[in-house]
Amino acid sequence: MNLPLLLRTLKPLRWEQLVYRPWRVAQFKLYQRLPQLAYRPTAIGSVESAVAPQSMETIRWVVNEQFLHLKQPLAEFDATLQDLSQRRFMFLNRRLTIQPMDWNQRYENHLWNYQLHYFQFAALAARALVEQGEVSIWQSCQKLIEHWIEEAKPGRSDGWDAYPISLRVVNWIYAYAMIAETEDERFLAKWRASIFDQLGFLHRHLEYHLQANHLLKNVKALIVGGLFFQNESWLAEGKRLMWRELDEQVLPDGGHYERSPMYHAQALADFLESYALLLAFGQIQGDESVESRLCAMADFLSAMSYADGSLAVFNDSANTVETRPRPILESAKRIVKTIAGKKDSKTFPQTGYYLWASADEGEKIIVDAGAPSVAYNTAHAHCDLLSYELWLEGQPFIVDSGVNGYGGDPFREYCRSTRAHNTVMFDEIEQSEIWSTFRMARQAKVLEAEASNDGTTWHFRGKFARYDRRVVHQRKISRNTIGDWTVTDFAWGDKVAKASSFVHLHPSVLTEQMDGAKILCRLGDFRVVLEPFSEQDAAIDTKIVVGCQSSIQGWYFPDFGVSFPNATIQFDYPVVSGKAFGYRICRI
């Protein structure tokens with residue numbers, strides 16, 4: 001272990017993270033040896049785990065009428081539901097058949113196993129029963145629920161970590177509310193008791209050591225569970241933390257402080273569900289300040305999405321089914337009566353995103369010029385300062401590399417690296433001090449960022465200092481009246497010698513090297529030329545890399561577990577402090 005690196009990583013953490021991390025590790029190791037210390041199972045049919053009929057009716061109404069992001073067509077999930085009887089599961093685009101089922105074993109990797117324990121298919125199976133009369137699908141799901149209750153053990157099973165508990169109990173409660181009127185009471189009583197036990201365990205093991213989206217999932221579970229069981233202790237804690245986290249995690253411009261469009265979408269859905277249920281149960285009155293924050297979040301999500309409904313994939317972001325922008329925005333309209341603002345030109349200065357779009361959104365640029373993440377949680381931060389995504393002619397043209405996976409993923413280091421983004425790397429040193437799967441020590445520091453436009457032209461300027469403060473990088477991006485783009489870079493630093501500027505093209509873009517260092521790019525019938533330039537009278541080295549495995553480069557990850565080789569252009573420039581270099585994107 002590199003002790004100085006570790007100390008630099010620990011420096012910005014909160015005291016809760018420093019205290020709770022070793023405590024949680026010690027607790028779960030103890031549970032491995034003495035699982036009886038984790039919790040005392042609630043007696044089936046006990047009064048404390050009873051549910052009032054009006055609770056189920058209210059939850060069912062809110063889910064059906066307001067949570068449109070949970071009501072996507074069942075036909076999309078036919079394979080998922082049909083696979084349940086064979087115990088086949090598809091998560092992160094990786095399908096496994098698990099026979100026999102062992103809930104205490106880790107399959108594939110940590111994230112895949114978490115997905116298994118979320119039981120997101122439970123609400124789908126309940127819908128299939130209610131909406132389509134699919135009894136056999138629900139029976140297969142019910143057997144999995146009963147088997148989990150009997151076999152999954154605290155300290156041994158990933159399913160007893162606080163995060164999967166948080167997602168599972170919410171999925172189970174939503175499913176329970178849908179099918180309770182037709183299901184056998186023996187099973188329902190057993191199911192209720194387990195949900196009650198898991199919520200009690202969660203209440204004692206909130207993820208203060210991780211904070212951010214993890215703690216928010218815990219909070220939502222306490223609110224949903226508190227309303228379901230009319231448990232005042234869970235409900236009071238959930239409400240207290242929800243208002244605190246809304247103020248903490250949502251920045252003034254509406255962006256989520258982890259700066260990931262995917263986690264922003266998740267956070268908005270979690271806040272919306274919590275708020276809607278609290279309103280429906282009469283726990284709160286409509287709050288203008290809260291709804292204003294949620295509207296700002298919806299506006300940000302709308303701005304960070306494209307005409308085809310996909311998300312920009314800056315930092316740890318993937319286009320998952322759960323984080324599709326349009327259904328979440330539709331839910332927001334139902335819950336807070338929001339209509340997202342215009343998308344033509346927006347700035348989000350606190351989150352650090354700057355964008356411009358044509359009226360039909362066929363052409364759109366989003367530039368990342370914000371801090372890597374909130375200082376005390378950089379698990380999902382990448383070295384992508386002054387990177388951008390660009391759509392042309394209604395199609396993705398220059399893309400961020402996205403994220404393939406987390407722990408154990410061979411592409412993890414690459415996805416977080418500077419070379420995986422449309423920015424500049426100086427002397428092969430990363431922008432921020434990334435290490436391990438989720439760690440970041442010293443961070444790049446944003447010095448300035450601004451944008452302006454007059455309708456047909458757009459200009460952006462940003463500047464940051466690398467984590468070691470030895471190099472300052474400034475970038476200017478401009479669009480002219482005929483639709484050509486110019487990306488101009490400057491470096492300041494006494495010892496900087498080489499700049500490598502990366503341009504990651506969508507897999508559908510074909511490339512051809514022309515005379516000199518120019519690159520011809522073809523997107524169907526649409527053509528542009530990338531032309532590098534430099535104020536120095538020196539040769540510019542140009543290369544195109546597609547799907548390289550040895551020194552990983554030229555890969556695009558639009559979703560977890562999905563990888564496509566794509567053309568990545570690397571322009572190498574000799575650098576003189578203060579001298580301009582860059583490239584033009586010219587239509588032909």
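As the structure is a computational prediction, the values presented were derived from the model and not from experiment.
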Pair Glu430-Thr418, side-chain donor/acceptor within less than 3.5 Å: yes
Polar contact flag, side-chain donor to acceptor under 3.5 angstrom, His380-Asp316: yes
Among Phe411, Tyr414, Phe564, ring-ring contact (aromatic ring centres under 6.0 Å, His included) partner for Trp555: Phe411
Can you give the donor-acceptor pairs under 3.5 Å from side chains of residues 186-199 to other protein atoms, not counting sequence neighbours?
{"residue": "Arg186", "atom": "NH2", "partner": "Glu146", "partner atom": "OE2", "Å": "3.3"}
{"residue": "Lys190", "atom": "NZ", "partner": "Glu150", "partner atom": "OE2", "Å": "2.8"}
{"residue": "Arg192", "atom": "NE", "partner": "Ser49", "partner atom": "O", "Å": "3.3"}
{"residue": "Arg192", "atom": "NH1", "partner": "Tyr176", "partner atom": "OH", "Å": "2.7"}
{"residue": "Arg192", "atom": "NH1", "partner": "Glu185", "partner atom": "OE2", "Å": "3.4"}
{"residue": "Arg192", "atom": "NH2", "partner": "Glu185", "partner atom": "OE2", "Å": "3.0"}
{"residue": "Ser194", "atom": "OG", "partner": "Gln198", "partner atom": "NE2", "Å": "2.9"}
{"residue": "Asp197", "atom": "OD1", "partner": "Thr42", "partner atom": "N", "Å": "3.0"}
{"residue": "Asp197", "atom": "OD1", "partner": "Thr42", "partner atom": "OG1", "Å": "2.4"}
{"residue": "Asp197", "atom": "OD2", "partner": "Thr42", "partner atom": "N", "Å": "3.1"}
{"residue": "Gln198", "atom": "OE1", "partner": "Arg168", "partner atom": "NE", "Å": "2.8"}
{"residue": "Gln198", "atom": "OE1", "partner": "Arg168", "partner atom": "NH2", "Å": "2.9"}
{"residue": "Gln198", "atom": "NE2", "partner": "Ser194", "partner atom": "O", "Å": "3.4"}

Pair listing, salt bridge (Lys or Arg N to Asp or Glu O under 4.0 Å) test, anchored in residues 20-31, at least two apart: none
Centroid separation His117 to Trp103 less than 6.0 Å: yes
Donor on one side chain, acceptor on other, Asp368 and Ser387, under 3.5 Å: no
Identified ring-ring contact (aromatic ring centres under 6.0 Å, His included) partner of Tyr556 from the options His421, His506, His504: His506
Trp112: partners by side-chain hydrogen bond (donor to acceptor under 3.5 Å, both in side chains), with sequence neighbours left out: none
side-chain hydrogen bond (donor to acceptor under 3.5 Å, both in side chains) partners of Asp158, counting only residues at least two apart: Arg106, Asn113
Verdict with supporting geometry, Glu273 and Tyr174, side-chain hydrogen bond (donor to acceptor under 3.5 Å, both in side chains): CA-CA 11 Å; Glu273 289 178 40; Tyr174 289 168; 2.7 Å; yes
Test of ring centre spacing under 6.0 Å for Tyr39 and Trp160: yes
Contact list for residues 118-130, test side-chain hydrogen bond (donor to acceptor under 3.5 Å, both in side chains), sequence neighbours left out: Arg127-Glu131
Phe201 ring center within less than 6.0 Å of His203 ring center: no
Backbone N/O of Phe560 and side chain of Asn93: donor-acceptor pair under 3.5 Å: yes
Qualifying salt bridge (Lys or Arg N to Asp or Glu O under 4.0 Å) pairs, either residue in residues 546-565, two or more places apart: none
Aromatic contact, His256 with Phe271 (centres under 6.0 Å): no
Greater than 12 external heavy atoms within 6.0 Å of Arg87's CZ: yes
